[in-house]
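Data block below; observations after.
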Amino acid sequence: MAFSTVTKRSRSIGAILFNARLFPNSTCRSRRFTTETSSASNQTNLIKQLRERTSAPIKDVKAALMESNWDIEAAQTELRKRGKVLASKKSARSATEGLLALALSHTHNRAALIELNCETDFVARNDIFQHLALSLAKQALLVESGTQAQLGFGAGGFHVGPENLQELKLNLEHPKISGETTVHNAITEVAAMMGENVKLRRGFVMSTSSNGVLSTYLHTSPQPGLGRIAGILTLEVEDGNSQLDALQRVGSELAMHIVAAKPLFLTKELVSSDALESEREILKSQAETSGKPQMAIEKMVEGRLRKYFEDVVLMEQKFVMNDTINVKTLLNNLSKEVGSPVKIGNFFRMEVGEGIQRLEESTASEPVAQAV
């Protein structure tokens with residue numbers, strides 16, 4: 001048995017030596033194949049890691065790693081440099097999609113609303129883009145203005161433009177983009193990651209007095225604080241001890257009403273003379289085609305003007321949740337319920353992309369619903 005085992009081993013060794021003489025490079029090739037396989041696996045892992053870190057396209061990730069000799073840190077720095085250059089080139093492209101982001105103070109007596117635009121709905125659904133939008137709204141909440149009255153919103157509201165935020169510090173806490181940076185740099189970096197033009201378009205801040213209630217509503221909301229259409233208003237009550245639940249209930253319903261009914265003015269008295277004169281001329285021109293006498297035409301114009309007020313004036317609009325009454329009657333009923341006069345202090349409506357040309361950005365001012 002021992003002799004047989006030794007013989008078998010000798011034959012095996014002999015076969016290995018024989019093969020080595022016939023195929024001298026086979027062992028080297030095997031080792032080289034194993035090394036190449038390991039290297040390819042490591043490269044694949046590096047591509048995956050850098051893709052997870054940056055969300056950049058795989059093609060760009062691989063190119064950056066190859067140029068950086070597969071140094072992932074150097075490749076990440078290179079991607080950021082490239083991204084900022086590309087983001088700058090794409091900044092002129094039209095961005096009509098995006099989201100509105102809303103932030104509320106701890107006491108719920110102050111709200112900030114911003115619009116962050118991008119080129120496609122696909123990017124608007126990205127969690128990095130959404131995190132940036134919410135972070136910008138929180139930052140806008142901290143902005144103060146001493147020119148509210150000049151901006152036409154009274155003491156309760158004011159616009160916040162990109163110029164008010166660009167250089168402010170922003171603390172991002174997303175796994176793929178974190179740390180302290182400026183608003184401008186954060187937007188540029190997200191634009192580079194998304195491969196699209198990302199733009200902070202506008203913002204609005206509204207606050208209420210200690211006797212008031214601030215109500216908000218976001219339509220088409222992918223997560224709390226985000227949406228495509230927003231309605232904000234304040235209800236002011238004379239008696240600070242009034243029923244808060246009733247005020248909050250009606251306030252929430254009116255915020256939804258603002259989104260659905262699209263009012264442009266709070267009262268008839270606040271309709272601008274230019275808007276009123278323009279509408280009157282249009283209605284007069286339409287009435288004259290009827291061939292009726294001048295007196296009849298004037299009555300037709302006045303009747304149609306009442307309908308115009310019902311369309312664009314919040315207090316005259318039919319309440320969307322009960323069209324048997326208008327908003328003015330709703331507030332009268334609420335005043336009786338809480339035992340103190342209630343009025344709308346301010347309101348604002350914003351919608352993603354409103355006023356932007358679909359083919360190119362409009363240089364005209366955007367129409368927005370507002371009240372003094």
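Every value quoted in this text rests on a predicted model; they were computed, and no experiment measured them. Hydrogens, waters and symmetry mates play no part in the numbers below; they use all other heavy atoms, side chains included.
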If you count the non-hydrogen atoms of other residues, nucleotides and ligands that lie under 6.0 Å from CE in M66, is the total more than 12?
->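 Incorrect, the count does not exceed 12.
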Tell me, with the steps shown, if E196 and C118 meet side-chain contact (heavy atoms from CB on, under 4.5 Å).
-> CA-CA 7 Å; E196 288 191 8; C118 55; 3.8 Å; yes
If we count only N and O atoms by modelled type, under 3.5 Å, do the side chains of [X] and [Y] hold a donor and an acceptor together?
X: S105; Y: N109; value: yes
X: N45; Y: Q43; value: no
X: T182; Y: N185; value: yes

Pairs meeting criterion ring-ring contact (aromatic ring centres under 6.0 Å, His included) with involvement of residues 173-200, two or more places apart |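 Listed by first then second residue: H131-H174.
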Nearest heavy-atom neighbours spanning L334 and V342 |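 Here L334 and V342 meet closest at CD2-CG1, 3.9 Å.
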Search all heavy atoms of L314 against all heavy atoms of F347 and return the closest pair with its distance.
->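 Nearest heavy atoms, L314 then F347: CD2-CD2, 3.9 Å.
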Do M321 and V327 belong together in a cluster built from hydrophobic side chains that touch within less than 4.5 Å?
->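 Same cluster.
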L142 reachable from V205 in the ILVMFWY side-chain graph, under 4.5 Å edges =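 V205 and L142: separate clusters.
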Evaluate salt bridge (charged side-chain N to carboxylate O under 4.0 Å, His left out) for K328 paired with E316, printing each intermediate quantity in order.
-> CA-CA 6 Å; K328 185 187 295 184; E316 305 299 323; 3.3 Å; yes
Test Y217 against R349 for side-chain contact (heavy atoms from CB on, under 4.5 Å), laying out the working first.
-> CA-CA 10 Å; Y217 173 70; R349 183 186 187 275; over 6 Å; no
Between L99 and Q130, does a side-chain contact (heavy atoms from CB on, under 4.5 Å) hold up when you go through it step by step?
-> CA-CA 8 Å; L99 285 170; Q130 293 182 3; 3.6 Å; yes
Kindly determine whether E236 and S209 satisfy side-chain hydrogen bond (donor to acceptor under 3.5 Å, both in side chains), including the steps that lead there.
-> CA-CA 8 Å; E236 307 290 345; S209 66; 2.8 Å; yes
Going by an N to O cut-off under 4.0 Å, is there a salt bridge joining R249 and E337?
->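 Salt bridge present between R249 and E337.
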Partners of D239 by salt bridge (Lys or Arg N to Asp or Glu O under 4.0 Å), sequence neighbours excluded?
->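 Testing D239 for salt bridge (Lys or Arg N to Asp or Glu O under 4.0 Å), a comparison that skips the adjacent residues, returns none.
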Please tabulate, for side-chain N and O atoms in residues 272-286, each donor-acceptor pair with protein atoms closer than 3.5 Å (sequence neighbours left out).
unit_1, atom_1, unit_2, atom_2, d
S272, OG, A275, N, 3.2
R280, NH1, E302, OE2, 2.8

E115: which of K199, R201, R228 passes salt bridge (charged side-chain N to carboxylate O under 4.0 Å, His left out) =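 Going through K199, R201, R228 one by one, the salt bridge (charged side-chain N to carboxylate O under 4.0 Å, His left out) with E115 is satisfied by R201 alone.
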